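One structure below.
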Number of protein chains: 2
Amino acid sequence: MPKVSEEHREAMRQRILDAALACVARKGFSAASMADIVAEAGLSAGAVYLYYKGKEQLTVDVGRRVLEDRLAILEVLGRARPVPPPSQVIPEMMAGLPKTQFFPGIALQVWGEAVHHDELAGVARQIIGDVTGHIAAYLQKWLQSTRGLDPDAAAAEAARLAPAVVGLVQGYIVQVAFAGGDIGERYLESARGVLERL
Amino acid sequence: MPKVSEEHREAMRQRILDAALACVARKGFSAASMADIVAEAGLSAGAVYLYYKGKEQLTVDVGRRVLEDRLAILEVLGRARPVPPPSQVIPEMMAGLPKTQFFPGIALQVWGEAVHHDELAGVARQIIGDVTGHIAAYLQKWLQSTRGLDPDAAAAEAARLAPAVVGLVQGYIVQVAFAGGDIGERYLESARGVLERL
DNA sequence: GTCTATACTGTGATAGAC
DNA sequence: GTCTATCACAGTATAGAC
């Protein structure tokens, strides 16, 4: 088994994917041409096709990566003891979002693309489900520790609240993408206001 | 002044815009070709250019219309007396959204397009601001009537809470677009859970 | 004055010759 | 691995039919 070749292959795919991500972030999915990507990657036209079958595959991988990156910030949840309240941990999580590459404009673009792209839509559905599940798990812990609910009751209440909490995060993404700048802090403060009553 | 011509002109623009909306909803902004739109409208290529200067102008108009349609549902707010609580009126408003044409997938696509389209981004910003303002005005009324806050205090609190409430609605749009079906009711119930503590 | 049919021009993705 | 030709198709303009 040709080891070098395999590593090289993976490295090249990464490099191409990075380039594609940058181009899409700058110009959008359809306006980003293979020529742009190729130039950004510092390769020549034909080379790309050795590693990616075509633009379609590249599109899906870019979308998948953007969406999956969102999962990374979920680590914040449930780390600290005692379990911190949602009004602290959720805004913290949102504040961490824009730090990741090219966020949040690109996430909106991926959503838009996914609407008419079945494979991406599947990925989006799955990620949203994952995020909701993680948030629900955190909420359950919090409800148990601060309200003394028994596990079942806490789980039920957590499952009820989780989708809206995720929605709050999605709203943040939308608003930051357009209003930018000062809205970020205003929104976080607003989210705190809503969450601290939970 | 040729009256017929003017009416005709407006009717044709509507017809073309409807066709474009349908095509965009089906295939997305970039995949919807002028040929598609022309066919959907039952016209021939050249005719369109008598009414729309080009695809760019059509794109902007489609986006503007989709986003402006969102304003219509704000009527629910402030209709009833006594002022109903957010946990009732906000979900009611969200439930009304999917009834409007092609919603919500197309809204997501417009957002995605607007990210790299300055004029559309401006429209999006403005609509979000409008919606936030209306929600804040409603919240102020509600806070005054149920908490006996003085107008200034109520206005401040309303302004603080409004962005997150709008975010809740945007989250609904995202989740319904992908998960579809049953998520709608679950989300509304979830939003009620969050809002009823306000 | 409106619309149809069709032709023009640029650009993009891709494949195949170096 | 690169460079360049090909081929399809998009947006647009125009020439004439009703």
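Predicted model, so just to flag it, every value in this text is computed and none were measured. Residue numbers start from 1 in every chain, and the chains themselves are labelled A, B, ... in the order their sequence lines are given, proteins ahead of strands. These values consider heavy atoms only, across backbone and side chains, with no hydrogens, waters or symmetry-generated copies.
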Distance, rounded to the nearest Å, where B:M34 contributes CE and C:dT9 contributes C1' = 16 Å
Tell me: NZ of A:K27 to C1' of C:dG12, nearest whole Å?
-> 12 Å
A:E40 and A:R26 ion-paired at < 4.0 Å = yes
Base, sugar-phosphate, or nothing for B:M12, non-hydrogen atoms under 4.0 angstrom?
-> sugar-phosphate
Whole-Å gap separating C1' (D:dT12) and CD1 (B:I16) | 15 Å
Above 12 or not: heavy atoms from other molecules or residues under 6.0 Å from CD of A:E68?
-> yes
Of all the choices, C:dT4, C:dT14, D:dA13, which nucleotide is nearest to the side chain of B:A45 once you look at every atom?
-> D:dA13
Minimum-distance nucleotide to B:S33 side chain [options: D:dA10, C:dA5, C:dC3] = D:dA10
To the nearest Å, give me how far apart NZ (B:K53) and C1' (D:dA13) are.
-> 14 Å
Tell me whether the OP1 or OP2 atom of D:dC3 has a side-chain N or O from A:S44 closer than 4.0 Å.
-> yes
Just compare D:dG11, D:dG1, C:dT4 and give me whichever is closest to any side-chain atom of B:K55.
-> D:dG11
Taking only side-chain nitrogens and oxygens of A:S30, does any of them come within less than 4.0 Å of OP1 or OP2 of D:dA10?
-> no
Picking from C:dC3, C:dA5, D:dT2, which would you name as closest to the side chain of B:L50?
-> C:dC3
Can you tell me the distance, in whole Å, between the OH atom of A:Y52 and the P atom of C:dT14?
-> 14 Å
Chi angles and distances behind the salt bridge (Lys or Arg N to Asp or Glu O under 4.0 Å) call for B:D18, B:R65 = CA-CA 10 Å; B:D18 284 343; B:R65 170 149 153 197; 2.8 Å; yes
With a 4.0 Å cut-off on heavy atoms, is A:Y51 in touch with a base, just the backbone sugar-phosphate, or nothing at all?
-> sugar-phosphate
May I have the distance from B:L43 (atom CG) to D:dG11 (atom C1'), rounded to whole angstrom?
-> 17 Å
Between C:dT2 atom P and B:E7 atom CD, what is the distance in whole Å?
-> 13 Å
What's the closest nucleotide to the B:Y49 side chain, out of C:dA13, D:dG11, C:dT2?
-> D:dG11
cation_pi(B:R13, B:Y52) dist<6.0 Å, angle<=45 = yes
Would you indicate whether A:E75, at its atom CD, is surrounded by more than 12 heavy atoms from other residues, nucleotides or ligands within a distance under 6.0 Å?
-> no
Rounded to the nearest angstrom, tell me the gap between atom CG in B:L58 and atom P in D:dA10.
-> 15 Å
